[in-house]
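As structure tokens, the structure follows; a few thoughts come after it.
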Amino acid sequence: MAKPCIICVAITGSVPRKKDNPAVPISVSEQVESVQEAYEAGASIAHCHVRNDDESPTTDPERFARLKEALEKHCPEIIIQFSTGGRTGTGRDRGGMLPLRPEMASLTTGSNNFPNRVYENAPELIDWLASEMRKYDVKPEVEAFDLGHIFQAAAMNRDGRIPGSLYIQFVMGVKNAMPVDREVFDFYVKTVRRLAPDAEWCAAGIGPHQITLNEWCIENGGHCRTGLEDNIRLDKETLAPSNAALVRRTVELCQKHDRPVSTPTDARRILGLQPRGS
């Protein structure tokens, strides 16, 4: 039987606003409702950011705490993954929520260009975020925006800065960063398998590339990320009505390629997380 495909739903992010798509969940209550619907549709991981009341991004640990508490109450099976990304804060503020002990958090292992700025991840900050994740028993999801990030993650795994098996996500389609290119994608998969044979991997495609990356991952034995953070449309003419709609589209691709959809229990086993309630 094929390995179950873990679907991560990135529900909010730091960029899209309600003016872009009214379905983008901003408040804690909106995010909880959106995660619940996405979970029922087939998502196992919720990749979470928080916003201020004016929709601007923030790293406020209090808001993360409110979101985590509400998700654990209303959607207790979902794996909660916090973002430590650089759009919402600077320096160690980016890891201020890690003492809340989410099961997972994102970790970018190098710098790269974004459309109009440098996404800076200094070695000292990377090491500090990784140490906080070890301290609070948080599994990193390595967000690889370039080839060097994969090599750095493998090096950190070998020397213990990222313990256990790696989970690496290729982020493709960000302007000025990693392109959406099938030969590049195949090379990254091959590189992960060579450097870290026990690693699991997934990919995120930005904008219209989301469905392309979903299919590439599913047919090659990887896992998927979808959601309104990365893409607000079902097609060029149609806004996505919800995160759940994007999850359902990914589930349909799993069915097309005869991949079972992972439950949260499956995902915890595949990723080496503790069973729920243990």
Side-chain angles (χ1 to χ4, degrees), residues 1-11 28 31-49 61 64-84 95 97-107 129-143 153 156-157 160-169 192 196-204 217-218 221-227 243-244 247-248 250-251 254 258-278:
M1 185 176 180
K3 179 187 297 183
C5 178
I6 299 168
I7 299 175
C8 173
V9 60
I11 58 171
V28 168
Q31 291 190 56
V32 171
E33 181 179 358
S34 189
V35 168
Q36 178 66 37
E37 292 174 350
Y39 162 71
E40 292 173 355
S44 291
I45 301 173
H47 176 77
C48 301
H49 294 243
F64 272 108
R66 287 168 47 205
L67 177 60
K68 182 172 182 282
E69 180 181 11
L71 287 175
E72 289 174 340
K73 177 180 179 180
H74 296 286
C75 195
E77 293 301 315
I78 201 84
I79 297 169
I80 298 172
Q81 181 189 103
F82 284 166
S83 172
T84 66
M97 78 298 289
L98 294 174
L100 296 171
R101 295 180 180 270
E103 288 183 84
M104 299 182 72
S106 61
L107 176 67
L129 288 169
S131 70
E132 289 291 283
M133 293 182 196
R134 293 195 305 275
K135 179 178 179 180
Y136 296 110
D137 197 24
V138 179
K139 184 177 181 67
E141 180 194 70
V142 174
E143 292 193 345
M156 294 176 72
N157 187 230
R161 284 176 289 168
I162 301 178
S165 60
L166 288 172
Y167 189 43
I168 299 177
Q169 175 178 264
V192 168
D198 63 344
E200 296 290 337
W201 59 271
C202 62
C217 289
I218 291 165
H223 306 290
C224 291
R225 168 162 145 162
T226 190
N243 277 299
V247 172
R248 284 192 288 269
T250 310
V251 169
C254 287
D258 296 320
R259 285 283 304 277
V261 176
S262 170
T263 66
T265 298
D266 293 331
R268 288 185 173 91
R269 173 181 53 79
I270 292 167
L271 297 176
L273 299 172
Q274 290 296 316
R276 190 69 178 166
S278 64

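Scope of the values below: all heavy atoms of this structure, side chains included, with no hydrogens, waters or symmetry mates.
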Between [X] and [Y], is any pair of side-chain heavy atoms under 4.5 Å apart?
{"X": "Ile78", "Y": "Val9", "answer": "no"}
{"X": "Glu40", "Y": "Cys75", "answer": "no"}
{"X": "Glu132", "Y": "Thr84", "answer": "no"}
{"X": "Glu103", "Y": "Gln274", "answer": "no"}

Nearest 0.5 Å, what's the [atom1]-[atom2] distance between [X] and [Y]?
{"X": "Leu271", "Y": "Met104", "atom1": "CG", "atom2": "CE", "result": "5.0 Å"}
{"X": "Leu71", "Y": "Gln36", "atom1": "CG", "atom2": "CD", "result": "9.5 Å"}
{"X": "Ile7", "Y": "Arg259", "atom1": "CD1", "atom2": "CZ", "result": "9.5 Å"}
{"X": "Cys254", "Y": "Ile6", "atom1": "SG", "atom2": "CD1", "result": "11.0 Å"}
{"X": "Gln81", "Y": "Gln169", "atom1": "CD", "atom2": "CD", "result": "7.5 Å"}
{"X": "Leu98", "Y": "Asp137", "atom1": "CG", "atom2": "CG", "result": "12.0 Å"}

> So does Glu77 have more than 12 non-hydrogen atoms from other groups sitting under 6.0 Å from CD?
Replying inline: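 It does: Glu77 CD has more than 12 such atoms within range.
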Distance-minimising heavy-atom pair for [X] and [Y]:
{"X": "Met133", "Y": "Ser106", "answer": "CE-O, 3.2 Å"}
{"X": "Pro4", "Y": "Arg269", "answer": "CG-NH2, 4.3 Å"}
{"X": "Leu166", "Y": "Ala196", "answer": "CD1-CB, 3.9 Å"}
{"X": "Pro264", "Y": "Tyr39", "answer": "CG-CE1, 3.7 Å"}
{"X": "Arg101", "Y": "Tyr136", "answer": "NH1-O, 3.2 Å"}
{"X": "Pro102", "Y": "Ile80", "answer": "CB-O, 3.8 Å"}

> Of the options Cys8, Cys5, Ser262, Cys202, which is the one that meets Cys224 in a side chain to side chain contact (heavy atoms under 4.5 Å, CB included)?
Replying inline: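 The passing option is Cys5.
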> Does the side-chain contact (heavy atoms from CB on, under 4.5 Å) test come out yes or no for Lys3 and His223, once each step is laid out?
Replying inline: CA-CA 10 Å; Lys3 179 187 297 183; His223 306 290; 3.9 Å; yes
>> Does either side chain, that of Ser34 or that of Asn243, offer a donor lying less than 3.5 Å from an acceptor on the other one?
In response: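 Short answer, yes.
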>> Does this structure show an ion pair linking Glu69 with Lys73, if we count only N-O contacts that are shorter than 4.0 Å?
In response: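 Lys73 and Glu69: not salt-bridged.
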>> Taking Leu100's backbone N and O only, do any of them form a donor-acceptor pair with Lys68's side chain (distance below 3.5 Å, no angle check)?
In response: yes
> If only atom types and distance count, is the side chain of Arg276 paired as donor or acceptor with the main-chain N or O of Arg268 below 3.5 Å?
Replying inline: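 No, Arg276 side chain to Arg268 backbone: no donor-acceptor pair under 3.5 Å.
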>> Assess the residue pair Phe82 and Val138 against the criterion (side-chain contact (heavy atoms from CB on, under 4.5 Å)); give the C-alpha distance rounded to whole Å, side-chain angles, the decisive distance to 0.1 Å, and a yes or no.
In response: CA-CA 10 Å; Phe82 284 166; Val138 179; over 6 Å; no
